[in-house]
Amino acid sequence: MDNLTIARLLEETASLLEIDAADPFRIRSYHRAAEAIQQQTTQLETLVHDPKALLAIPGIGKGMATNVVDLVTTGTMPIRAELLAKYSPTLLELLNLPGMGPKTVALVWSALGVTDIDSLEAAAKVGHLDDLPRLGKKFTDKLLKGIQDYRSNSSRFRIDLAAEYAAKISALIHAFPGIDQVTPAGSLRRGRDTVGDLDLLVTGPACEPAIVAAAVEHVATLPLIHKLLAKGQNKVAFTLENNLQVDVRLLPRASYGAALQYFTGSKMHSVALRQRALKQGLTLSEYALARLDDNSIVAAKSEEDIYNALGLDYIPPELRENSGEIEAAESHSLPHLITLKDIRGDLHMHTDATDGRDTIRQMAQAALDRGLHYIAITDHSKALAMTNGLDDRRALAHIQRIREVDAEFQQQHDGKFRILPGIEVDILADGSLDLDDSTLAQMDIVIASVHSHFNQPLQEMTDRVLRAIENPHVRILGHPTGRLVLKREPFAINLDTVLRRAAQLGVAVEHNAHPARADLNDLNLRLAKQLGCKIVVNTDAHSTEDLDIMRFGITQLRRAWLTPQDLLNHHPTAKSLLTHLRPKP
DNA sequence: GCCGTTTTCGGCCCGACTGTTTTCAGTCG
């Protein structure tokens with residue numbers, strides 16, 4: 001049983017305990033344990049015989065360790081079995097509906113015998129909910145709409161798309177006089193690869209409490225609002241046509257830091273900060289960090305002020321997951337995270353020779369314009385017929401052209417910019433590559449990627465990739481997990497085994513910067529670093545503007561606590577890069 | 001159920017909004 005499954009089962013148990021009206025603090029410990037387990041890079045099932053290792057995880061005590069051992073060895077645990085005997089597991093789905101919390105779920109279950117969304121909808125339609133305490137016609141109407149929305153669309157949004165919407169809405173809000181700043185917060189600012197909703201923090205003179213009503217009204221009447229969910233004194237929530245939820249909070253400039261901290265989260269990080277504040281005789285809210293005794297404000301204007309006042313170094317948003325960053329900030333040992341300008345090269349891109357849009361020259365110029373020092377042109381090989389993939393003859397002709405353009409650019413720029421000849425070669429079903437070794441020998445950069453036959457069993461898939469990287473010409477393993485965000489399940493591969501072998505062989509693993517193709521998440525990246533893998537971040541650009549998506553890749557690397565030195569393409573020149581790649585045979 | 005610069009008990013983050021309430025419980029982030 002993998003960590004994600006263990007975490008999910010604990011999370012479910014927490015929800016069942018909530019419906020069961022158990023001790024709220026006991027419930028929270030289940031949530032905390034689930035959260036902590038999700039962030040472990042070591043698989044817990046390998047630790048069940050080592051109680052000390054389990055207990056070392058913050059949030060896991062004696063009781064929870066027993067639960068984990070039970071889950072791994074028997075597939076369930078006593079408390080879960082007990083709750084499931086009482087409640088139907090389909091009740092849990094009701095919690096996803098707006099306005100339905102554990103108390104209300106328990107109420108409709110006990111009073112009306114509702115067990116799932118269908119029976120809830122039926123009960124609501126005939127007006128049974130109206131008779132229950134606390135509920136009424138308005139609640140019922142809202143719920144019925146909520147059920148419709150939930151059925152039609154309940155997914156998360158990719159970060160690059162969410163960022164576009166955020167920019168669009170920000171511009172509209174900004175048009176109101178007296179608004180200085182619209183800052184995206186929430187999981188968008190933390191750089192999660194998908195976001196559930198948009199959080200926008202609005203500040204400026206128009207947000208002062210006495211006059212904020214006008215600005216709130218402006219936001220609540222934006223033309224792109226599909227449905228207004230809530231409107232209060234300084235808060236507006238609505239959905240867009242595509243069902244993306246947007247939460248806007250308008251707060252005075254003096255509270256900017258506190259507000260941004262609060263609105264950025266993550267929730268667990270904020271809770272931990274607030275607990276820390278209490279221990280220091282302080283209290284933290286979205287308005288300020290203040291003293292408990294006389295309410296005097298200690299810090300509020302900037303996030304830096306708040307962190308510092310709590311005895312912490314500033315913590316970058318990407319690290320705010322309550323997974324050790326607060327302890328590191330306290331001991332001044334936060335890593336110097338990688339930034340976009342640390343990246344000097346991009347080793348994976350396509351041209352019009354295969355399925356790219358632009359020429360070698362155009363790609364090179366675009367990379368140069370973006371401050372890169374070197375690139376590799378790595379078009380597809382012949383197995384990908386639909387991309388017009390290159391066979392051996394065309395591949396050799398192509399790298400000849402690459403060399404010509406490289407010579408041209410070197411002359412123009414004093415040898416300060418290099419274009420490396422490369423290929424993205426396909427790993428066939430049996431683990432062999434679809435081009436001759438003699439062709440690959442001509443390439444500086446050989447990326448081996450799986451593009452087809454994703455549905456093989458785990459062991460076969462793993463063996464296939466393992467065999468491919470044994471080929472001494474392969475220098476980079478492309479999309480190692482095949483994980484395509486929100487599009488397709490990852491192909492099953494034993495990533496641990498593959499990363500270990502890649503580390504031994506000196507084969508680099510690629511982190512694809514494109515949010516739609518990003519296949520190593522922050523956890524995978526942390527594992528890769530732990531195992532001593534070389535890591536490279538590439539855009540896999542198919543057009544010149546695709547090169548800009550590097551910033552999304554960087555965000556994921558930051559979430560994995562990576563520094564510039566952890567990345568191969570932080571090397572300043574193509575020459576130094578090549579010496580750090582797997583040596584050519 | 002976890003945890004300890006107040007360590008084996010007694011705490012456990014903070015505030016806004018909604019609906020159906022005349023003072024608040026539940027939900028949400």
Side-chain angles (χ1 to χ4, degrees), chain A residues 10 13-14 17-19 21-36 54-68 77 79 94-108 129-143 146 185-187 195-201 209 212 216 220 228-238 245-251 255 258-259 261-290 292 310-311 322 330:
Chain A
L10 291 178
T13 305
L17 282 167
E18 282 183 305
I19 293 171
D23 172 20
F25 300 109
R26 187 181 175 206
I27 293 166
R28 195 163 72 191
S29 62
Y30 277 84
H31 283 301
R32 286 198 56 196
E35 195 86 16
L54 283 180
L55 291 172
I57 300 170
I60 304 233
K62 241 180 137 186
M64 206 57 75
T66 308
N67 279 333
V68 169
M77 52 187 182
I79 178 80
L94 300 184
L95 293 170
N96 297 325
L97 300 171
M100 291 292 291
K103 292 288 193 299
T104 316
V105 170
L107 181 65
V108 296
L129 263 51
D130 301 359
D131 307 332
L132 296 176
R134 277 199 346 267
L135 310 184
K137 178 125 188 26
K138 261 187 152 171
F139 180 91
T140 303
D141 289 349
K142 212 171 177 177
L143 178 66
S187 45
V195 305
D197 53 26
L198 282 185
D199 299 305
L200 301 178
L201 173 62
V212 69
V216 166
L228 192 63
L229 298 175
K231 186 178 96 170
Q233 284 177 358
N234 60 18
K235 180 178 163 176
V236 181
F238 55 85
Q245 183 173 331
V246 185
D247 295 324
V248 183
R249 195 75 182 266
L250 302 93
L251 290 168
S255 299
Q261 196 297 309
Y262 156 76
F263 225 14
T264 299
S266 66
K267 190 175 165 128
M268 294 305 241
H269 174 85
S270 292
V271 168
L273 276 192
R274 288 170 181 203
Q275 282 170 340
R276 183 182 176 87
L278 283 177
K279 280 185 198 153
Q280 301 178 3
L282 305 169
T283 173
L284 176 62
S285 74
E286 58 262 53
Y287 294 104
L289 178 68
L292 273 173
L310 289 169
N322 193 29
E330 181 174 37

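So that the names make sense, note that chain A is the first sequence line, chain B the second, and so on, each numbered from 1. Because the structure is predicted, anything quoted here is derived from the model rather than measured.
Listed candidates were B:dC2, B:dC13, B:dC17. Nearest to the side chain of A:Met64 is B:dC2. Out of B:dG29, B:dC17, B:dC13, the shortest distance to the side chain of A:Lys235 is found at B:dC17. In the set B:dC13, B:dT27, B:dT20, the nucleotide with an atom closest to the side chain of A:Leu278 is B:dC13. Distances were taken from every side-chain heavy atom of A:Phe25 (C-beta onward) to each of B:dG26, B:dG1, B:dT27; the shortest belongs to B:dG1. Distances were taken from every side-chain heavy atom of A:Tyr287 (C-beta onward) to each of B:dA16, B:dG19, B:dC17; the shortest belongs to B:dA16. With distances taken from any side-chain atom of A:Tyr30 to the nucleotides B:dC13, B:dG1, B:dA16, the minimum falls on B:dG1.
For B:dT27, one of the phosphate oxygens OP1 or OP2 lies less than 4.0 angstrom from a side-chain nitrogen or oxygen of A:Thr104. Contact check, A:Ser285 against B:dC13: no side-chain N or O comes under 4.0 Å of OP1 or OP2. Remark: A:Gln275 is not in phosphate contact with B:dC3, judged by side-chain N or O atoms under 4.0 Å from OP1 or OP2.
Taking atom CZ of residue A:Phe263 and atom P of nucleotide B:dG29, one finds them 10 Å apart after rounding to whole Å. Atom C1' of nucleotide B:dA25 and atom CG of A:Leu107 are separated by 12 Å, given to the nearest angstrom. For the pair A:Asp199 CG and B:dA16 C1', the computed distance is 14 Å after rounding to whole Å. Straight-line distance from the CG atom of A:Leu289 to the P atom of B:dC13: 16 Å, rounded to whole Å. Between A:Glu286 atom CD and B:dC28 atom C1' the separation is 12 Å, expressed in whole Å. Regarding A:Leu310, its CG atom lies at a distance of 12 Å from the P atom of B:dC14, rounded to whole Å. In this entry the distance linking CG of A:Asp130 with P of B:dG19 reads 14 Å, nearest Å. Regarding A:Leu135, its CG atom lies at a distance of 15 Å from the P atom of B:dA25, rounded to whole Å.
Across all strands shown, A:Pro98 has heavy atoms under 4.0 Å from sugar-phosphate atoms exclusively, and none from any base. At the heavy-atom level, A:Lys142 lies under 4.0 Å from the strands shown only through sugar-phosphate atoms. Within 4.0 Å (heavy atoms only), A:Leu273 reaches no atom of the nucleic acid at all. Residue contacts for A:Ile27: at a heavy-atom cut-off of 4.0 Å it reaches no nucleic acid atom on any strand shown. Using a 4.0 Å heavy-atom criterion, one finds that A:Tyr262 contacts the bases of the nucleic acid, with or without backbone contacts as well. Nucleic acid contact for A:Arg32: none, since no nucleic acid atom lies under 4.0 Å from a heavy atom of the residue. At a threshold of 4.0 angstrom between heavy atoms, the contacts of A:Gln280 with the nucleic acid are absent. A:Leu97 comes within 4.0 angstrom of sugar-phosphate atoms only, judged by non-hydrogen atoms across all strands, and of no base. Residue contacts for A:Asn234: at a heavy-atom cut-off of 4.0 Å it reaches the sugar-phosphate backbone alone, with no base atom in range. A:Lys267 comes within 4.0 angstrom of a nucleotide base, judged by non-hydrogen atoms across all strands. Using a 4.0 Å heavy-atom distance criterion, A:Pro133 is classed as making no nucleic acid contact.
Using N1 to N3 plus N6-O4 or O6-N4 for Watson-Crick, or N1-O2 and O6-N3 for G-U wobble, each under 3.5 Å, B:dT18 pairs with B:dA25.
Along DNA chain B, the nucleotide closest to A:Ser270 and the one closest to A:Met100 are compared, and the more 5′ of them pairs with A:Ser270. Looking at which nucleotide of DNA chain B each of A:Leu95 and A:Arg274 is closest to, the 5′-most match is held by A:Arg274.
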Task: Pair A:Ser270-A:Gln261, side chain to side chain contact (heavy atoms under 4.5 Å, CB included): steps then yes or no - done: CA-CA 8 Å; A:Ser270 292; A:Gln261 196 297 309; 3.6 Å; yes
TODO: Show the numbers, then the answer: is there a side chain to side chain contact (heavy atoms under 4.5 Å, CB included) between A:Leu278 and A:Arg274?
DONE: CA-CA 6 Å; A:Leu278 283 177; A:Arg274 288 170 181 203; 5.9 Å; no
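Of all the heavy atoms in A:Met100 and A:Val108, the pair that sits closest is CE-CG2, 4.1 Å. The two residues A:Gly196 and A:Ser187 make their nearest non-hydrogen contact at N-OG, 4.3 Å.
The separation of B:dC14 from B:dT8, taken at their C1' atoms, amounts to 29 Å, rounded to a whole angstrom. Comparing B:dT22 with B:dT5, their P atoms are spaced 46 Å from each other, to the whole Å. To the nearest whole angstrom, the two C1' atoms, one in B:dT7 and one in B:dC2, are 13 Å apart. With both ends at atom C1', the span from B:dC12 to B:dC17 equals 25 Å, rounded to whole Å. Taking the P atoms as reference points, B:dG19 lies 42 Å from B:dG10, given to the whole Å. Across the P atoms, B:dA16 and B:dT21 are found 24 Å apart, a figure rounded to whole Å. Comparing the same atom, C1', in B:dT27 and in B:dT20 gives a spacing of 14 Å after rounding to whole Å.
A donor-acceptor pair is defined here as one N or O able to donate and one able to accept, closer than 3.5 Å; no such pair exists between the side chain of A:Arg249 and the backbone of A:Phe263. A:Glu18 contributes no side-chain N or O that, together with a main-chain N or O of A:Ile27, makes up a donor-acceptor pair within less than 3.5 Å.
Each of A:Leu143, A:Thr104, A:Asp130 was checked for a side-chain contact (heavy atoms from CB on, under 4.5 Å) with A:Leu135, and the lone residue meeting it is A:Thr104. Paired with A:Met77 under the rule side-chain contact (heavy atoms from CB on, under 4.5 Å), one option of A:Thr66, A:Val68, A:Asn67 passes, and it is A:Asn67.
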